[in-house]
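Structure first, then comments.
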Amino acid sequence: MAGGGEEKVKLLGTWASPFVLRAQLALSFKGVSFENVDEDLSSKSDLLLRSNPVHKAVPVLIHNGRPVCESLVIVQYVNEAFDGSPLLPADPHERAVARFWAAFIGDKLVAPWHKVFTAKIEEEKAEWMEQTLAAVDVLEGGLKECSRGGSFFGGDNVGYVDVVLGGAVPWVYGTEALSGTRLFDAGRVPLLAAWLERFGALDTVKAVMADIPTRLVELAKKKQAEAAAAATAGDC
């Protein structure tokens, strides 16, 4: 850890957030010990509200009493503030390319994917899923570009884009379990399918994710049942 000594690192988050998971992965790949603080977003703590007064959202990294907000900013901060294998390449152009694909994941993949689960009409869900799958197809090319023949976006080692996309891995499995849609299908995107297997098999990843995919499916099924019950009650 940069600076050595008794640095205090705390992460405010919730277990079901892919953005929090990004921060957890970054810290874990850097070998940083941290306190994981689970927030109740229906009753946000004073610490969260003080630490992120603008968005009042998780994740928030608190390093020696100083907060850092927003998942992409946190991952880059962790890369710069702590020792360990770098997540971003040294070459400025390669860093720019990595940041481009990280932004693409958020804007073109995660955003429509989220709407698949929030849309009320089946036609809208299908449209958002089509956009999500189109983004996955484009990301296949991004992996080829960034990996340069290696196993990960970072080449032979896990890098910034791996961590950013890695935060969504439980939702890849959850989507398949809930809808049967395989986002990283080997027949369509073989590089991403292989990446998913390799990344998920890493000890660091398994330790961070634990039972999150199973819990996500259980939570989604519970919400679906509640929504169905509410709709039925409304018809009475």
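Keep in mind the model is a prediction, meaning the values are calculated, not measured.
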Those residues that, when tested against Arg198, pass salt bridge (charged side-chain N to carboxylate O under 4.0 Å, His left out) (two or more places apart) | none

Asn52 side chain near Pro67 side chain, heavy-atom distance below 4.5 Å = no

Evaluate the ring planes of Trp195 and Phe199, with Trp represented by its six-membered ring, and classify them as parallel (under 30°), tilted (30 to 60°) or perpendicular (over 60°).
-> parallel

Any side-chain heavy-atom pair of Gln24 and Asn36 under 4.5 Å | yes

Can you tell if the side chain of Ser28 reaches within under 4.5 Å of the side chain of Phe34, non-hydrogen atoms only?
-> yes

Report yes if the side chains of Phe19 and Leu72 come closer than 4.5 Å at any heavy-atom pair, otherwise no.
-> no

Residues in salt bridge (charged side-chain N to carboxylate O under 4.0 Å, His left out) with Glu176, at least two apart?
-> Arg182

Just how far is it from atom CG of Leu219 to atom CD1 of Ile212, taken to the nearest 0.5 Å?
-> 12.0 Å

Within a reach of under 6.0 Å around NZ of Lys108, are more than 12 heavy atoms found that belong to other residues, nucleotides or ligands?
-> no

Got a sec: does the CD of Glu130 have more than 12 other heavy atoms crowding it under 6.0 Å?
-> no

Under a 4.0 Å N-O cut-off, is there an ion pair linking Glu218 with Arg215?
-> no

Separation between CG of Leu216 and CG of Asp211, rounded to the nearest 0.5 Å | 9.5 Å

